[in-house]
Amino acid sequence: MPSVLEELRWRGLVALTTDEEALAAALASGPVTVYCGFDPTAPSLHFGNLVQLIVLRWMQRAGHRVICLVGGSTGLIGDPRPTAERVLKTREQTADWVDRIRAQVRPFLEFEGENPALLVDNLDWTAPISALDFLRDIGKHFRVNAMLRKEAVAARLSSEEGISYTEFSYQILQALDFLHLYREYGCTLQTGGQDQWGNLTAGVDLIRRVEGAGVHVLATPLITDSAGVKFGKSEGNAVWLSADMTSPYAFYQYWINVEDASVVLLLKAFTERSAEEIAELERATVERPQARAAQRALAADVTALVHGRPATDAVIRASRALFGQDDLAAVDAATLRAALEETGLHRVSDPSPTVVALLRESGLAASNSEARRTVAEGGAYLNNRRMTDPDEVPGDAELLHGRYLVVRRGKRHVAGVEISAG
RNA sequence: GGCAGGUUGCCCGAGUGGCCAAAGGGAGCUGACUGUAAAUCAGCCGCGCAAGCUACGGGAGUUCGAAUCUCUCACCUGCCA
């Protein structure tokens, strides 16, 4: 059986670590306590956080003790982005987001049983510290020169925008978390994204200084497509794990549409399929690319992980109905309705809407201008029929089962409209 | 507190009185090819059917006319105190 480190490595989830030999030895010699932090920068976790959750799953499965930290305090400060200063969130909003994220994390890890994961909030140990205590007891351990060398800080210092003292201090808070968890739970490993390397290692340095102990960091790589662009953006929006923010249908479609050149990489990182299965899917992609077997497997697995099996089955059925070869008129009413509800079913009370109105009402075009443009470009379809007149009104005979229309923009944007006269 | 520079469309960035709904690039959308892929090529890319309207950090002015000039407020950067 391969070690967790080997498992994570072949899956492409290890970018760099502190002293790899020592880390491998520690992981081999018995259960290690590992933590990863999630800051509440939004009401939901997103694609990037998924990578971290998956790493924690592998860790827990290998028998290690997992601590999932939600950043109630670090979220109030904000880690420095290389580009620009963050806008401070209110305490109320941050607290609300902390609650949501706590709930969201639960299905990914085992919180019961023999080796339960632990869920902690760094606000609990950070809030009671006074400014004077902070400066005297903690600040003394940090050298400004070292802090300035962190990549995120350096980038901001050399930018027009500069950096506030608030964000500059972020790394201290994160280091303090690691120290606290080390003392409280014997935590000796922190995981996180590679872009967090500076913040991750700040804790290693602090623990060495005050406790004289060597602890570890494992950073995951930034996952990018063949053009070097980060994954996790769809239509310019983030891919969220919350069903309210990215519907399970949209989530599934995101993975289905992944380029061939990246699908193997993603299967390794985001699914639990074996090397043999993935090799098989890779072969299938080369031999019968139009079948999209690898993308289907990827989309099904990841959607099931995030949204559960029933939601995934519904979404697969919907995709099959809408993108299948069958004549839409042949799809039975219940199936069609269910499919359209997945894509978003919009009620239209106007009994005779124009093509432009339908594109708008279905959310496929943001404005009338955009809708007209789409028609002019030849990208507007009603029930798979290309529409050429923006002002055309579909006749009653076109309504599927007397009331549904499948509106499509381009090859892959589909939405449903239900005409509810009266 | 003083002085200097900056704030342009989703992002970067040009534009210093009319020819500016604003160059160029990126992102994005659509078409062709194909496979709900990539690459390539082409078109599009504020709102409006249109007339026109709204927009270049906020506000007030000058002018026939302002993204461009003046005043003022806010924020950012740098230098000086």
Side-chain angles (χ1 to χ4, degrees), chain A residues 80-88 155-168 224-239 249-267 281-282 284-300 303 315-326 328 339 342-343 353-357 359-360 362-381 384 386-393 406-415:
Chain A
R81 284 180 296 192
T83 46
E85 186 84 12
R86 290 174 190 273
V87 177
L88 285 179
R156 285 280 294 283
L157 280 174
S158 61
S159 79
E160 281 267 296
E161 181 145 9
I163 185 169
S164 68
Y165 186 73
T166 306
E167 288 191 5
F168 176 61
T224 62
D225 66 18
S226 59
V229 177
K230 253 200 298 193
F231 275 105
K233 285 275 198 287
S234 164
E235 314 285 305
N237 300 313
V239 173
Y249 171 82
F251 188 85
Y252 178 83
Q253 285 291 323
Y254 176 79
W255 297 93
I256 272 286
N257 279 303
V258 150
E259 57 170 358
D260 293 0
S262 300
V263 73
V264 167
L265 178 96
L266 295 173
L267 278 165
L281 288 166
E282 183 171 16
T285 298
V286 174
E287 289 166 6
R288 294 191 59 239
Q290 65 280 12
R292 311 175 72 76
Q295 277 92 341
R296 281 177 211 286
L298 174 68
T303 308
V315 145
I316 291 173
R317 277 195 300 274
S319 298
R320 200 174 290 144
L322 296 172
F323 290 101
Q325 308 303 314
D326 305 345
L328 281 173
E342 292 296 339
T343 66
T354 62
V355 171
V356 167
L359 281 166
R360 252 186 66 104
S362 63
L364 294 181
S367 66
N368 285 357
S369 296
E370 193 175 301
R372 284 178 183 280
R373 210 177 290 137
T374 302
V375 175
E377 288 168 338
Y381 300 84
N384 289 340
R386 178 179 279 182
M387 305 311 284
T388 51
D389 176 4
D391 296 312
E392 180 177 339
V393 175
V406 177
V407 188
R408 180 155 64 85
R409 173 175 179 177
K411 280 205 278 193
R412 49 192 186 193
H413 300 108
V414 184

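Labels below follow one simple rule: chain letters A, B, ... track the order of the sequence lines, proteins then strands, and each chain is numbered from 1.
What separates CZ of A:Arg372 from P of B:C45 is a distance of 15 Å, to the nearest Å. The CZ atom of A:Arg81 sits 13 Å away from the P atom of B:C11 (whole-angstrom rounding). Summarising the geometry, the separation between CZ on A:Arg373 and P on B:G43 is reported as 16 Å, rounded to the nearest angstrom. Look at CD on A:Glu392: it is 18 Å from P on B:C49, rounded to the nearest Å. The CG-P distance, from A:Asp225 to B:A27, rounds to 11 Å in whole Å. If you measure from atom CG of A:Leu298 to atom C1' of B:U36, you get 14 Å, rounded to the nearest angstrom. For the pair A:Arg296 CZ and B:A37 P, the interatomic distance rounds to 12 Å; values are reported in whole Å. Look at CZ on A:Arg408: it is 15 Å from C1' on B:C29, rounded to the nearest Å.
Here A:Arg288 lies out of heavy-atom contact (under 4.0 Å) with every strand. A:Ser319 comes within contact range of at least one nucleobase, with a heavy-atom separation under 4.0 Å. Looking at heavy-atom distances under 4.0 Å, A:Arg386 makes contact with sugar-phosphate atoms alone, never a base. No engagement by A:Thr374 is indicated, since no non-hydrogen atom pair under 4.0 Å with the nucleic acid exists. Residue contacts shown for A:Asn368 are limited to sugar-phosphate atoms, with no base heavy atom under 4.0 Å away. A:Tyr381 comes within 4.0 angstrom of the backbone, heavy atoms only, and of no base.
Remark: the separation of the P atoms in B:G46 and B:A4 is 38 Å, to the nearest Å. If you take atom P in B:G26 and the same atom in B:G13, they sit 15 Å apart, rounded to whole Å. Spacing of C1' atoms, B:C47 relative to B:G24, comes out at 24 Å, to the nearest Å. Taking the C1' atoms as reference points, B:A60 lies 26 Å from B:G2, given to the whole Å. Rounded to whole Å, the separation between the P atoms of B:U40 and B:G58 comes to 38 Å. Of the P atoms belonging to B:G9 and B:A22, the separation is 16 Å, rounded to the nearest Å. As rounded to the nearest Å, B:A38 and B:U30 have P atoms that lie 12 Å from one another. Comparing B:G1 with B:C73, their P atoms are spaced 12 Å from each other, to the whole Å.
For the pair A:Glu342 and A:Tyr249, the tightest heavy-atom approach, listed with the atom from each and the gap, is O-CB, 3.2 Å.
Here NZ of A:Lys411 is found 10.0 Å from CG of A:Asn257. Values are rounded to the nearest 0.5 Å. Atoms CG and CZ, on A:Leu322 and A:Arg408 in that order, are 10.0 Å from each other to the nearest 0.5 Å. With rounding to the nearest 0.5 Å, the separation of OG1 in A:Thr354 from CZ in A:Arg360 is 10.0 Å.
Using the Watson-Crick or G-U wobble rule with both distances under 3.5 Å, B:G9 pairs with nothing in any strand shown. In a base pair of the Watson-Crick type (N1 to N3 plus N6-O4 or O6-N4) or a G-U wobble (N1-O2 and O6-N3), with each distance short of 3.5 Å, B:A39 is matched with no nucleotide. Judged by Watson-Crick or G-U wobble contacts below 3.5 Å, the nucleotide B:U16 has no partner. Across all strands shown, B:U77 is found opposite B:A4 as a Watson-Crick or G-U wobble partner, with both distances under 3.5 Å. Using Watson-Crick or G-U wobble geometry with both donor-acceptor distances under 3.5 Å, B:G48 finds no partner in any strand shown. In a base pair of the Watson-Crick type (N1 to N3 plus N6-O4 or O6-N4) or a G-U wobble (N1-O2 and O6-N3), with each distance short of 3.5 Å, B:U34 is matched with no nucleotide. B:U63: no Watson-Crick or G-U partner with both key distances under 3.5 Å is found in any strand.
A donor N or O paired with an acceptor N or O is not found under 3.5 Å between the base of B:U34 and the side-chain atoms of A:Gln290. The base of B:G43 sits with one of its N or O atoms less than 3.5 Å from a complementary donor or acceptor on the side chain of A:Glu377.
Put simply, the side chain of A:Arg292 gets close to the backbone of A:Ile256: a donor and an acceptor are under 3.5 Å apart.
Side-chain contact, A:Ser319 with A:Gln253: a donor N or O sits under 3.5 Å from an acceptor N or O. Counting only N and O atoms by type, the side chains of A:Glu259 and A:Ser262 include a donor and acceptor under 3.5 Å apart.
The residue among A:Ile163 and A:Glu259 whose nearest nucleotide of RNA chain B lies closer to the 5′ end is A:Glu259. The 5' end of RNA chain B is approached more closely, in terms of each residue's nearest nucleotide, by A:Phe323 than by the other of A:Phe323 and A:Val356.
An OP1 or OP2 oxygen of B:U34 is reached within less than 4.0 angstrom by no side-chain nitrogen or oxygen of A:Lys411.
Closest to the side chain of A:Arg412, out of B:G48, B:A37, B:G35, is B:A37.
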Yes or no on salt bridge (Lys or Arg N to Asp or Glu O under 4.0 Å) for A:Arg409 and A:Glu377, after CA distance, side-chain angles and deciding distance?
-> CA-CA 10 Å; A:Arg409 173 175 179 177; A:Glu377 288 168 338; 5.1 Å; no

